[in-house]
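Reminder, nothing fancy here: chain letters follow the sequence lines and each chain counts from 1.
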Amino acid sequence: MLIELKIRDQIVEAIEKCYHQQVDPSLVQLQNTREEFEGDITLVVFPFVRMSKKSPEQTAAEIGEYLQQHVAEVDKFNVVKGFLNLVISSSYWLSVLNSASANANFGITEPNESSKLVMVEYSSPNTNKPLHLGHIRNNLLGFSLCEILKANGNKVVKTNIVNDRGIHICKSMYAWKMWGNGQTPESTGIKGDHLVGNFYVRFDQEYKKEIEALIGQGESREYAEQNAISMLGAREMLLKWEAKDPETVELWTMMNNWVYNGFDVTYKELGVDFDKIYYESETYLYGKEEVLRGLAEGIFYQQEDSSVWADLSAEGLDQKILLRSDGTSVYMTQDIGTAKERFQDYHINKMIYVVGNEQNYHFQVLSILLDKLGFEFGKGLHHFSYGMVELPQGKMKSREGTVVDADDLMAEMIEVSRKTSEELGKLEGYTPEQAAITYKMIALAALKYFMLKVDPKKNMLFNPEESIDFNGNTGPFIQYTYARIRSVLRKAADRGIEINHLIGTETAVGMKELQLIKLISQFPDAVKEASDNYSPALVANYIYELVKEFNQFYHYFPILIEENVEIRNLRLIISENVGKIIKTGMKLLGIDVPERM
RNA sequence: GGCCCCGUAGCUUAAUGGAUAGAGCAUCUGACUACGGAUCAGAAGGUUGUAGGUUCGAGUCUUACCGGGGUCACCA
């Protein structure tokens, strides 16, 4: 808010004039006045009593006096304990509403020539099983973060690195070859990623049986795990794949394509996308030369078995392996390589990894290693670390069948949405296609808002039994408010009411309207804070606050029926702008809003 | 065990070191002949895990402990 800057400056000046002290503007703590007190902006005066050598009350009164005289927008003030509550003139708030109203992109900062280019990596699935609830959180956070960064004037490259190689893929391949009878997505009607996932499960079942059999024959568990025939088969496939054996590569290509086609459907349904997809099969050899360079430069060291390590004890961390004794890369090695590659390919200014908090240590180490290798971006990389999604019975475990599948979850929610909509009968006159689009829009809003409204850093609990609510602090609640606003605006147009978009700054404004205008004025701050703090939840919380306030207003005050034309116009403008912010804000969360629901 | 994160109402959660810890769900009560009741209002529900410390002021910072999770792989 512009007014805050002005007031901050004047407070610094007031203290200089009244108490002859220099104050750092950052010491000036301004906050929104709490609802139970009169005022709009509140100064916390405690930090200044040492300078004034007077009581908090007296200090506040003196600063208030000064502000009232020197800032035209400050109408009056009151003092409660150490808090100076400033009342800002309604004409100021109306001018803020006018400028918000005149700006179709209110709250959004468009990128320009000098904008930073940020690459965000998110999603990053394995190709041996379908996406689940954990991936949903990752995808929604990643997508929303990108939208928020863009809304703050950054250019963004959305990227996804697909883990399409390794022993886990070979397990599915082996199972398909052994027990698949040539099944395909077409022959079975099963979505490709699910079909491949089924074979991954099948592998595990057979493998377990083999282990038990070997133990029954008197072998140790360890031996059995290493020498079960399925495991040997999968390992052989991995070797063949790395040797580029044509038959193995062909099988790998075919099954991966099934998975990609399946993922595409899920991504589309979720509404997320990428500008650039990396495949680990193409990047897994990257990084080795960087590690060898580090070794040559004495940054890393080699053990007798010729494995290469980084010593991070100076940073308070452990030893970290970078190349195996057979000279092959590990995960960390690849990440060093891909990081370098990305900065070269795109000339990005910043790299953000959307990866769960179980990898905090990994990214801490990655940052240090890149820095040691002399890459200036090492220290600047950001691990957007988010918490796990837990079920009532704890962590999701594929072995216990508690994994919540992404496709199933979305389908179930759409079904709930359809039933609710039909019961309420709000979509009469819509074609089945229009109605279907709306059900889906509502279901996804429920899911997305549910996951995005909580602080990304925290673990969250998801209860599939209770499913997700459509009432209260939810996506559909916000959509409903939007639909209502649109309905009012449609009716206004039907009745030939013309909206005058320039409000006279002397218009009489009620308390509730003022409250809403203040909230409207804070939208740009919410967008900025969401970016500064990497938190879509801040946008969600803001929208909820705004919508709750609007619903109260809507309940108590007539809009179209209001007889005073000036007030009616003001209320229409407020409604219009609240609607605009809901739409823009929800877009930042990757959520669409319907005209009717 | 070392390191890291988290403990807020029955449940899910909010709160740049600032005023009486704010919501939603669930429970109970009330409000449609105004513009959409997927709404609104009210009631009840809290020693912010426990005990100290710093501060004019602590859910927030700090120490110890208790409880939960993560991580410390020649896996990714």
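- Stacking between Phe477(A) and A38(B) is absent: the aromatic ring centre is not both under 5.5 angstrom from the base six-membered ring centre and within 30 degrees in plane angle.
- In this structure the side chain of Tyr449(A) reaches within 4.5 angstrom of the side chain of Ile478(A), judged on heavy atoms.
- In this structure, Lys512(A) pairs ionically with Glu549(A), as a charged nitrogen and a carboxylate oxygen lie closer than 4.0 Å.
- The residue Thr328(A) sits apart from the nucleic acid: no heavy atom pair falls under 4.0 Å.
- Residue Tyr556(A) places its side chain closer to A41(B) than to any other of A19(B), A76(B), A41(B).
- Counting only heavy atoms from C-beta on, Asn85(A) has its side chain closest to A19(B) among A19(B), A76(B), A31(B).
- At the heavy-atom level, Arg50(A) lies nowhere under 4.0 Å from the strands shown.
- For the atom pair Ser307(A) OG and Leu322(A) CG, the distance stands at 9.5 Å (nearest 0.5 Å).
- Relative to the ring axis of Phe462(A), Arg137(A) does not place its NZ or CZ within 45° and under 6.0 Å from the centre.
- Residue Arg324(A) places at least one side-chain N or O closer than 4.0 Å to OP1 or OP2 of A76(B).
- The distance between atom NZ of Lys548(A) and atom C1' of U13(B), rounded to the nearest whole Å, is 13 Å.
- Under the stacking criterion of a centre-to-centre distance below 5.5 angstrom and an interplanar angle below 30°, Phe83(A) sits stacked against the six-membered ring of A19(B).
- At A38(B), none of the side-chain N or O atoms of Thr420(A) fall inside 4.0 Å of OP1 or OP2 (strictly under the cut-off).
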Is there a side-chain hydrogen bond (donor to acceptor under 3.5 Å, both in side chains) between Asn128(A) and Ser172(A) once you walk through the steps?
-> CA-CA 6 Å; Asn128(A) 61 335; Ser172(A) 298; 5.3 Å; no

Would you sort out whether Thr33(A) and Asp40(A) count as a side-chain hydrogen bond (donor to acceptor under 3.5 Å, both in side chains), showing the intermediate values?
-> CA-CA 5 Å; Thr33(A) 305; Asp40(A) 302 306; over 6 Å; no

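- Rounded to whole Å, the distance from CZ on Arg568(A) to P on C35(B) is 16 Å.
- Following rounding to the nearest Å, Asn473(A) (CG) and A23(B) (C1') show an atom-to-atom distance of 7 Å.
- Remark: the separation of the C1' atoms in U55(B) and A23(B) is 29 Å, to the nearest Å.
- Taking only side-chain atoms of Lys81(A), from C-beta outward, the nucleotide of A19(B), A76(B), A38(B) with the closest atom is A19(B).
- One can place CG of Asp455(A) at 11 Å from C1' of U13(B), the figure rounded to the nearest angstrom.
- Base pairing of C40(B) is made with G30(B), judged by Watson-Crick or G-U wobble geometry with both donor-acceptor distances under 3.5 Å.
- Pair check for G1(B) finds C72(B); Watson-Crick or G-U wobble, both atom distances under 3.5 Å.
- Contact annotation for Ala492(A): no contact, since no heavy-atom pair falls under 4.0 Å across all strands.
- Annotation: of the two residues near RNA chain B, Lys491(A) and Glu390(A), the 5′-most nearest-nucleotide partner is Lys491(A).
- Where Met460(A) and Arg490(A) meet RNA chain B, the nucleotide closest to each residue was compared, and Met460(A) sits on the side nearer the 5' end.
- Contact check, Tyr554(A) against G36(B): a side-chain N or O comes under 4.0 Å of OP1 or OP2.
- Salt bridge Lys419(A)/Glu423(A): absent, no basic N to carboxylate O contact under 4.0 Å.
- Contacts of Leu317(A) with the nucleic acid, taken as non-hydrogen atoms under 4.0 Å apart, are absent.
- Atom CG in Leu366(A) sits about 17 Å away from atom C1' in C72(B), given to the nearest Å.
- Atom CD in Glu315(A) sits roughly 16 Å away from atom C1' in C72(B) (whole-Å rounding).
- Across all strands shown, G53(B) is found opposite C61(B) as a Watson-Crick or G-U wobble partner, with both distances under 3.5 Å.
- A close approach under 4.0 Å does not occur between any side-chain nitrogen or oxygen of Tyr331(A) and OP1 or OP2 of A76(B).
- Here the P atom of nucleotide U12(B) and the NZ atom of Lys453(A) are 12 Å apart, to the nearest Å.
- Scanning atom types as modelled, no donor and acceptor separated by under 3.5 angstrom connect the side chain of Thr474(A) and the base of A38(B).
- Within the 4.0 angstrom heavy-atom criterion, base atoms lie near Ile321(A).
- Here Glu529(A) lies out of heavy-atom contact (under 4.0 Å) with every strand.
- Here Met597(A) lies in heavy-atom contact (under 4.0 Å) with a base.
- Distance check on atom C1': U29(B) versus G45(B) gives 15 Å, rounded to whole Å.
- Rounded to whole Å, the C1' atom of G46(B) lies 12 Å from the corresponding atom of G59(B).
- For U63(B) and U54(B), the C1' atoms lie 11 Å apart once the distance is rounded to whole Å.
- One C1' atom belongs to U48(B), the other to A21(B), and the distance between them is 8 Å to the nearest Å.
- Phosphate contact (OP1/OP2 of A14(B), side-chain N/O of Lys458(A), threshold under 4.0 Å): present.
- Going from the P atom of U8(B) to that of U47(B) covers 12 Å, rounded to whole Å.
- Note: CD1 (Ile336(A)) to C1' (A76(B)) measures 15 Å, nearest angstrom.
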Is there a side-chain hydrogen bond (donor to acceptor under 3.5 Å, both in side chains) between Gln434(A) and Arg596(A) once you walk through the steps?
-> CA-CA 10 Å; Gln434(A) 285 174 314; Arg596(A) 290 172 55 186; over 6 Å; no

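- In this structure, Tyr284(A) reaches neither bases nor backbone, as no heavy-atom distance under 4.0 Å exists between it and the strands shown.
- Pair check for A15(B) finds none; no Watson-Crick or G-U wobble contact set falls under 3.5 Å.
- Separation of the C1' atoms belonging to A58(B) and A19(B) is 14 Å when rounded to the nearest angstrom.
- Glu545(A) comes within 4.0 angstrom of no nucleic acid atom, judged by non-hydrogen atoms across all strands.
- At the phosphate of G70(B), neither OP1 nor OP2 sits under 4.0 Å from any side-chain N or O atom of Asn357(A).
- Distances were taken from every side-chain heavy atom of Asn471(A) (C-beta onward) to each of A38(B), G70(B), C35(B); the shortest belongs to A38(B).
- No contact: Lys457(A) has no heavy atom under 4.0 Å from any strand.
- Each of Thr481(A), Leu519(A), Ile485(A) was checked for a side-chain contact (heavy atoms from CB on, under 4.5 Å) with Val547(A), and the lone residue meeting it is Thr481(A).
- Proximity note for Val44(A) (side chain, C-beta onward) versus G18(B), C40(B), G70(B): the nearest is G18(B).
- Ring stacking is absent between Phe46(A) and G57(B), as the pair misses the limits of under 5.5 Å between centres and under 30 degrees between planes.
- For Lys426(A), the listed nucleotide lying nearest its side chain is G36(B); candidates were C40(B), U16(B), G36(B).
- Taking the C1' atoms as reference points, U27(B) lies 32 Å from C66(B), given to the whole Å.
- The phosphate of U16(B) (OP1 or OP2) has no side-chain N or O of Gln31(A) nearer than 4.0 angstrom.
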